[in-house]
Number of protein chains: 2
Amino acid sequence: MNEEFLSIKKLIRKKGYRFTSQKRIILEELFNANIHLTVQEIYNKVKSKKVGLATIYRTMNLFTTIGIVKEINVDGISYYELKMYSKKPLHIHFRCSQCNRIIDIDNSKIDIKYLKLNKEIEEDQKLEIFDANIMLIGKCSKCRKNSIL
Amino acid sequence: MNEEFLSIKKLIRKKGYRFTSQKRIILEELFNANIHLTVQEIYNKVKSKKVGLATIYRTMNLFTTIGIVKEINVDGISYYELKMYSKKPLHIHFRCSQCNRIIDIDNSKIDIKYLKLNKEIEEDQKLEIFDANIMLIGKCSKCRKNSIL
DNA sequence: TTTAATGCAAAGTGTTTGCACTATA
DNA sequence: TATAGTGCAAACACTTTGCATTAAA
């Protein structure tokens, strides 16, 4: 069990919740996946281990509230990904409208520019930004290649 | 009836759909509102005019497909706003996590910077961006003031 | 007149909740 | 051992769909 895992366990306890075997199993899946998962996807992975669907919903809501995961919503479906201890403080998602794949835009130079832009918005509008959901929609490199062939 | 309205009517016809009284009524509400509306909000405004809920769902799906409206999804609920002929080609939404109000970030300087950043992502990742959903989450100026008092 | 679009109600899908039971602290 | 958390099924909220009817072209 690694350090990050242990400190999440500690956080759950500190907030007054019990660290149940279900929470551990779900958390392990989030660590393994290291990408956004839907409740249904998590359920498919853990149903054999006697974890009910309602528990996953409840757990993901709890994890979102205490800041363990980040929720992004696409076409009415929620995707969750580990937020704490992530190397990426903010990141940009891209959805291909052709193959519906969701990919992360992984480029720290762009992230930094984006964070600067957020700062600018904060000053201009006199507000505070805690978080950002950015979903770009377009055609991914694979689908572009295929349409040329 | 203004020019924009007429060209949307023309577009619907050109795409092979009928311009029904229901589509006209819904379109009028979108013009009046000039802000994101949910299906339920539209329904409350038009139910007295004999427009059914299912028709609004069908119409909003059609309008989204042919590019008349833009759909943004917040916590699983879809909001629609007129897209065509809008002065703003892209715009950034902000949701206050305290009062849950959604506001538009209206600043063309920021929009231009954002569009440039999109160009950069396109080149970096070899993809094409058609559209962007940007939702910033934080505390709005009003709630910030109130929490100081 | 033809047939796309509508209204209604039923079905579908993702999520939440009440309650008896289980297991953590 | 006390009570938060769970599994299950029922309830919920938003959305889609089948079908008879209506109205646009």
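Protein chains get the first letters and strands the later ones, always in sequence-line order, with residue 1 at the start of each.
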A:Phe31 and A:Phe5 aromatic ring geometry - parallel, tilted or perpendicular at 30°/60° bounds: tilted
Taking for B:Tyr43 and for B:Tyr17 the nucleotide of DNA chain C with the nearest heavy atom, the one nearer the 5' end belongs to B:Tyr17
Relative to the 5' end of DNA chain C, which residue comes earlier, B:Lys23 or B:Ala54, by the nucleotide with the nearest heavy atom? B:Lys23
What's B:Ser78 touching, base or sugar-phosphate or nothing? Going by heavy atoms closer than 4.0 Å. sugar-phosphate
Contact class for A:Arg13 (heavy atom, under 4.0 Å): base, sugar-phosphate, or nothing? sugar-phosphate
In whole angstrom, what separates [X]'s [atom1] from [N]'s [atom2]?
X: B:Asn44; N: D:dC14; atom1: CG; atom2: P; value: 11 Å
X: A:Asn73; N: C:dT15; atom1: CG; atom2: P; value: 8 Å
X: B:Lys50; N: C:dT6; atom1: NZ; atom2: P; value: 15 Å
X: A:Ile12; N: D:dT6; atom1: CD1; atom2: P; value: 10 Å
X: B:Leu53; N: D:dT15; atom1: CG; atom2: P; value: 9 Å
X: B:Glu41; N: D:dT15; atom1: CD; atom2: P; value: 12 Å
X: B:Tyr79; N: D:dT15; atom1: OH; atom2: P; value: 10 Å
X: B:Lys47; N: C:dT6; atom1: NZ; atom2: C1'; value: 18 Å

Picking from [options], which would you name as closest to the side chain of [X]?
X: A:Tyr57; options: C:dT15, D:dT16, D:dG7; result: C:dT15
X: B:Arg58; options: C:dC19, D:dT17, C:dT15; result: D:dT17
X: B:Ser21; options: C:dT16, D:dA24, C:dT15; result: D:dA24
X: B:Val51; options: C:dT15, D:dT6, C:dG7; result: C:dG7

On a heavy-atom basis, which atom in B:Ile103 and which in B:Arg101 lie closest, and how many Å separate them? CG2-NH1, 3.4 Å
Before accepting this row, confirm whether a basic side-chain N of the pair [X]/[Y] lies closer than 4.0 Å to the acidic partner's carboxylate O.
X: A:Asp131; Y: A:Lys70; value: yes
X: B:Glu123; Y: B:Lys119; value: no
X: B:Glu120; Y: A:Lys113; value: yes

Which one of A:Ile134, A:Ile102, A:Leu136 satisfies the side chain to side chain contact (heavy atoms under 4.5 Å, CB included) criterion with A:Phe94? A:Leu136
The side chain to side chain contact (heavy atoms under 4.5 Å, CB included) partner of A:Ile56 among A:Thr38, A:Val46, A:Ile25 is A:Val46
Angle between terminal axes - the helix from C:dT1-D:dA25 to C:dA25-D:dT1, 5 pairs each end, rounded to 10°: 40°
Donor-acceptor pair under 3.5 Å: do we get one between B:Arg18's side chain and the base of D:dA25? no
Can you hop from A:Leu37 to A:Ile77 via hydrophobic side chains spaced under 4.5 Å? no
Just N and O in the side chain of [X]: are any of them under 4.0 Å from OP1 or OP2 of [N]?
X: B:Gln22; N: C:dG7; answer: yes
X: A:Asn61; N: C:dT16; answer: yes
X: A:Thr20; N: D:dT6; answer: yes

